[in-house]
Amino acid sequence: MLDVRKIRLILELRESGISNSDVLSALETIPREKFIPENYRYQAYENIALPIGNNQTISQPYVVAKMTELLEVENNHKVLEIGTGSGYQCAILSKLARRIYTIERIKNLHERSDKIFEELKLTNIVSKHEDGNNGWTEQIPFDRIIFTAATKNITNRIFSHIKEDGIIVCPIVKNNKQVIIKYIRKNDKLISEEFDDVLFVPNLKGIN
Ligand code: SAH
C-alpha cells in the first residue's frame, strides 16, 4: 500500500517541477514513515507536513525535494544542516553528499533522529544537540548549508562556514512571509535568488 502511494508521490513531485533524478531517487529510497509518529504513518506519502512532537513538524515532501534540488549537492560534498527535526531532510541529503553535519536544539528530537539514522545505517551523518546558529566551527569550511527553520538573515558566523562558490538554502522571514532563498558565495559576498513561499517553524536561540 505504501509503495503505491510512494510512486504516486514521486510522480506528483515530478509534475510540480522537481526534475533532478538523484533527488527523486533519494526520496524513493528513504522510508519517510520511519520519521513520523505511528498515528500519522498512514499519511507518510501524502504531500503534506506532519507533526513530530515538541510542536515541530516534518516538512512537506515537495519542500524537502525543492530545497534539496536547489542545494545542488554532489557526492564529494560536506553539508551542514541547521534544524535536524525528524531527521528526514538529513537522511535524503545523506544519499547525495559525502557527509552531513546536522544540529538540533531540542534534545528529544536530536536523540530520536539519531536512533533512526542508526537503524537505517546512514553512517555518513554526524549530529549534535546545540543551537545551530553557533555553527560547527571545527568542521569549517562547508560546501553546502541548509536551514530548515525560518531565519531572519544569514549571520556573519554562518557566512564564515561556507566555501567560495558554496550554496546556502534557507527559509527567510520577509514581510510576514517566508520564502526559500538560495545564496551563492561569490567574491566574499552572498548573491541571492528567491523561490517558493513556505511555512517553517521559527529558528530559535538556545537549546531545549
Ligand atoms: N529538517 C526537518 C525539519 C524540522 S522543523 C525535517 O526534515 O523534519 C525545524 C527544526 O529546526 C525543529 O526541530 C526545530 O527544533 C529546529 N530548530 C529551530 N531553531 C534551531 C536552532 N537555532 N538550532 C538548531 N535547530 C533549530
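One-based numbering, in listed order, for ligands and for the atoms of each. Just so you know, these numbers come straight off a predicted model, no measurement behind them. The first residue of the sequence shown is numbered 1, and numbering continues consecutively from there.
When only modelled atom types and interatomic distance are considered, Ser59 and Gln89 share no side-chain donor-acceptor pair under 3.5 Å. A donor and an acceptor atom, one from each side chain of Glu12 and Asn47, are located under 3.5 Å apart. Side-chain N/O atoms of Tyr62 and Asp196 include a donor and acceptor closer than 3.5 Å. Between the side chains of Thr84 and Glu104, not a single donor N or O lies within less than 3.5 Å of an accepting N or O.
A donor-acceptor contact shorter than 3.5 Å links the side chain of Gln178 to the backbone of Phe200. Judged by distance alone, with hydrogens and angles left aside, the side-chain atoms of Tyr88 form no donor-acceptor pair with the main-chain N or O of Ile36 at under 3.5 Å.
In terms of protein heavy atoms, atom 23 (N) of ligand 1 is closest to Gly132 N, 2.8 Å. Protein heavy atom at the shortest distance from atom 6 (C) of ligand 1 is Ser86 OG, 3.4 Å. Nearest protein heavy-atom contact of atom 2 (C) of ligand 1 is Thr84 O, 3.4 Å. In terms of protein heavy atoms, atom 11 (O) of ligand 1 is closest to Gly83 CA, 3.2 Å. Of the protein's non-hydrogen atoms, the one nearest atom 13 (O) of ligand 1 is Glu104 OE1, 2.8 Å. Annotation: atom 4 (C) of ligand 1 to nearest protein heavy atom, Thr57 O, 3.2 Å. Of the protein's non-hydrogen atoms, Arg105 CD, 3.3 Å is the one closest to atom 20 (C) of ligand 1. Among all protein heavy atoms, the one lying closest to atom 12 (C) of ligand 1 is Gln56 OE1, 3.3 Å.
Here is the list of ligand 1 atoms found below 4.0 Å of a heavy atom in Gly85: 4 (C), 13 (O). Near Pro202, the atoms of ligand 1 lying under 4.0 angstrom from a non-hydrogen atom of the residue are 18 (C), 19 (N). Interface atoms of ligand 1 facing Ser59, defined by a heavy-atom separation under 4.0 Å, are 3 (C). The atoms of ligand 1 that sit less than 4.0 Å from any heavy atom of Val201 are 5 (S), 9 (C). Residue Leu204 has at least one heavy-atom neighbour below 4.0 Å for each of these atoms of ligand 1: 18 (C), 19 (N), 20 (C), 21 (C), 22 (N). Against a heavy-atom cut-off of under 4.0 Å, Gln89 is close to the following atoms of ligand 1: 1 (N), 7 (O). When each atom of ligand 1 is checked for a heavy atom of Glu130 under 4.0 Å away, the hits are 23 (N), 24 (C). Close approach to Ile58 involves these atoms of ligand 1, each under 4.0 Å from a residue heavy atom: 8 (O).
Heavy atoms of Ile106 found under 4.0 angstrom from ligand 1 belong exclusively to the side chain. Contact annotation for Lys205 and ligand 1: no heavy atom of the residue comes within less than 4.0 Å of the ligand. Proximity of Asn208 to ligand 1, defined as any heavy-atom pair under 4.0 Å, is not found for any part of the residue.
Within a 6.0 Å sphere centred on CD of Glu118, other residues, nucleotides and ligands contribute 12 heavy atoms or fewer.
Ring orientation note: the planes of Phe117 and Phe35 are tilted relative to one another, at an angle of 30° to 60°.
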Check the pair Gln43 / Ile48 against side chain to side chain contact (heavy atoms under 4.5 Å, CB included), numbers first and verdict last.
CA-CA 8 Å; Gln43 291 178 298; Ile48 52 175; 3.8 Å; yes

Under the salt bridge (Lys or Arg N to Asp or Glu O under 4.0 Å) rule, what do Asp143 and Lys78 come out as? Steps first, then yes or no, please.
CA-CA 5 Å; Asp143 301 284; Lys78 187 160 111 181; over 6 Å; no

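Residue Val173 is not grouped with residue Leu70 when hydrophobic side chains (ILVMFWY) are merged at heavy-atom distances under 4.5 angstrom, including chains of intermediate members. Placement of Phe147 and Leu93 in two distinct hydrophobic clusters is found when ILVMFWY residues are connected by side-chain heavy-atom separations under 4.5 Å, directly or transitively.
Taking only nitrogen or oxygen atoms, main chain and side chain alike, Ala149 does not reach within less than 3.5 Å of ligand 1.
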